[in-house]
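Model, not experiment: these values are computed from the prediction. Here, residue 1 is the first one in the sequence, and each next residue gets the next number.
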Amino acid sequence: MRGTAMLVSMGLCVLLTQASEAAGLTLAEDGKSDYAIVVADQATAPEATAATELQQYLTRATGVEFRIVKEGSYPENRPAILVGRTRRTERHLRGFDWEGLGTDGIVIRTAGQDLILAGGRPRGTLYAVVTFLEEQVGVRWWTATEEDVPSRRTLKIGALQTVFVPKLTMRHNFAMDLLGMQPYAGPRVSKEVSQRFCVHLRDTYNAGVPAEWGGSNTIYGCHTVPLQFLPKERYFDAHPEWYGLVGGERIPHQVCWTNKEMRQELTRNVLAFLREHPEVTAVSVSQNDGGNPCECAECRALVEREGTQMGPILDGVNEVADAVAREHPGVMVETLSYFYSRKCPKTMRARDNVLIRVCTYEQTINKPLTESDFNLDNRTNVLEWGDHTNNLFVWNYVTDFRHYMYPQPNLFHLAPNLRFFVEHNAKGVFMQGDAFCQTGDFQQLRAWVVSHLLWDPYQDDRKLIREFCDGYYGAAGRYVYAWIEAMCQAGYDFPGFIGIYNGNLSFLTLDVMNRGVRLWAEAERAVADDPVRLNRVRKARLSFDLAWIVRSEPLAAEAKAAGKTLLGPADTSQVVDQFFTALK
């Protein structure tokens, strides 16, 4: 398990002292095996799926046709790969706290001649299988449609005793391959392929993941008030007083959170929705996007009392949450700490079933959130809300919404930011990245790295990025990684603000861009005889080429003023032609 040493110190990885010690196991040797995959006679649907997934990849790796058998028909003296909570598993782990695994925690354990791959329900066993295939077999799911399965005709493993419970119970990576989103151009990844990729990356956001693949742990909706629960088309003409008073007029963009009749209808609609959708475990009751909060006397009074526009919102959300708790115990009610409502209230507390989703909207992405005065407000919001509630959720932004293809110097800040959230009581994080542009800045790498860090933020992020570069780009990986280092360091050294709607690429100086020309040329030469990886390199390079087009004039001026060489083409039209040829 990556990062296990640190996890031990945090109490997330524990030794199973009550289970017998075990030496290493030989699961396959020269294409043969004594093992079968054993599931409980009453295995859950996700446990059955986990067994099938394990069978498929072990067979592809070793050439062995591993059988899947029910425990009741398998001899006790035969070695087994125990998938899920079988009787034999529970004998090996006598007294083990299964409830402590939650829904996603995993157990990977060698015991006697057996290998145990189990976990919490519903998803833990699936995640145990995925983790085992990654770390012991060497399988890599780089994207939803690109994977590496090494040939391991002899598969030996050492003694294993791992228990891991992810700190983040909601791990939401908003990326194209994980969501099956329709890109601006090009083919769409199918829903089924996307859902399977979610399981492989242990992401819980895709609400369409079927029950046999573990389902999801997500929040239904966003900006739902008034859009979903009090739509203007249905209510505004008859009840304009339910909506925000702005400049002396009622407008249907936001609601008046202190209006009692509005709250009653909102509550009725939320409860009706939950009755119709019993699978939902968290529902959003949150302000609309943009501004225009209500300025009526009652709302202003709560804003003044609590020192924040969150005052009237949280007061209304708490009332809805009380009704939800009575009728749907266990269901969470989410609301946004966003834009004008980011500040934590002075005295008002969120109910125990209210989930506060803090949005780090105004951050500068070239520094970690723990650094820079530009990030002070976001840092303060996380700290204050972390002390305020046991149900903190963070909506973090990890792309450039002005142009997904612009180089984004934040790859080495993803892990520090996630650790900051976890260490201040975050139970979930939504990482909003590029879900629409197939040629966005390292779109594939970002999806893979973000999901791995959501699972365990204490992994070595540089090692993860280097692993993806070497595995996905092959011999070109060292040069691609060197460009990432150069680009991110240039962003970190830049004293200005680089936001999530960034039009400023001035951190990419002549020296940095000249180095990029050399590195990308070396990368293409390294895989010139490997058409698959050459295509991947050229796709990744598009971000750099776009930056050269955007920066061509100031780079030429800088070279002339400093008497330096301009390694890129002086004729911008040449770059444009090459760019669009590669893009197509």
Side-chain angles (χ1 to χ4, degrees), residues 219-277 280 282-328 331-351 353-359 361 389 391 393 395:
I219 299 167
Y220 183 89
C222 182
H223 302 307
T224 56
V225 184
L227 295 180
Q228 179 179 341
F229 292 125
L230 292 168
K232 64 181 181 180
E233 296 82 4
R234 181 177 174 186
Y235 293 110
F236 184 70
D237 288 345
H239 298 285
E241 72 279 5
W242 290 4
Y243 297 85
L245 183 68
V246 179
E249 295 183 14
R250 294 286 176 178
I251 62 173
H253 185 68
Q254 307 284 6
V255 297
C256 174
W257 285 96
T258 57
N259 186 285
K260 291 182 171 53
E261 289 184 353
M262 182 281 296
R263 290 188 185 187
Q264 291 169 359
E265 185 67 7
L266 173 60
T267 301
R268 279 192 291 268
N269 290 342
V270 171
L271 293 176
F273 169 80
L274 291 173
R275 292 183 204 115
E276 294 170 7
H277 299 276
V280 171
V283 60
S284 180
V285 180
S286 54
Q287 71 200 62
N288 199 1
D289 209 346
N292 297 314
C294 183
E295 299 170 353
C296 77
E298 291 80 3
C299 285
R300 286 205 318 271
L302 269 179
V303 170
E304 184 175 346
R305 190 189 82 186
E306 296 296 333
T308 171
Q309 288 285 350
M310 179 57 88
I313 295 174
L314 186 56
D315 196 53
V317 169
N318 277 342
E319 185 173 316
V320 176
D322 288 340
V324 169
R326 289 190 293 270
E327 186 172 318
H328 302 277
V331 172
M332 300 297 294
V333 177
E334 176 264 5
T335 200
L336 296 173
S337 166
Y338 171 63
F339 200 24
Y340 59 79
S341 67
R342 286 189 310 149
K343 192 175 179 182
C344 189
K346 293 178 182 177
T347 65
M348 191 181 300
R349 300 284 298 183
R351 298 290 194 268
N353 64 329
V354 169
L355 190 69
I356 302 293
R357 183 146 54 165
V358 178
C359 303
Y361 187 78
T389 177
N391 298 314
F393 191 104
W395 184 317

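Phe229 is listed as a side-chain neighbour of Val283, based on a closest heavy-atom distance under 4.5 Å. Leu336 has its side chain out of reach of Ile313: every pair of non-hydrogen atoms, C-beta onward, lies at least 4.5 Å apart. Using a 4.5 Å heavy-atom cutoff, the side chains of Glu327 and Arg275 are in contact. At least one side-chain heavy atom of Trp257 sits under 4.5 Å from a side-chain heavy atom of Leu266. Val324 has its side chain within reach of Val270: a pair of non-hydrogen atoms, C-beta onward, lies under 4.5 Å apart. With a 4.5 Å cut-off on side-chain heavy atoms, Pro226 and Asn288 count as touching.
Ser286 pairs by the side-chain hydrogen bond (donor to acceptor under 3.5 Å, both in side chains) definition with Ser284, not counting sequence neighbours. Take Arg234 and apply the side chain to side chain contact (heavy atoms under 4.5 Å, CB included) test, not counting sequence neighbours, and it matches Pro231, Glu265, Asn269.
Between Trp242 and His239, the ring-plane angle classifies as parallel under the 30° and 60° cut-offs.
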Only distances under 3.5 Å count here; give the side-chain donor-acceptor pairs of residues 292-302 to other protein atoms, sequence neighbours excluded, each with its distance to 0.1 Å.
residue : atom : partner : partner atom : Å
Glu295  : OE1  : Gly247  : N            : 3.1
Arg300  : NH1  : Glu295  : O            : 2.5

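For the pair Arg250 and Tyr243, the cation does not sit on the ring face, since its NZ or CZ is not both under 6.0 Å from the ring centre and inside 45° of the axis.
Ring pair Tyr338/Trp395: centre-to-centre distance not below 6.0 Å.
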### Task
Applying side-chain contact (heavy atoms from CB on, under 4.5 Å), run through Val354 and Thr389 and close with a yes or a no.
CA-CA 9 Å; Val354 169; Thr389 177; over 6 Å; no

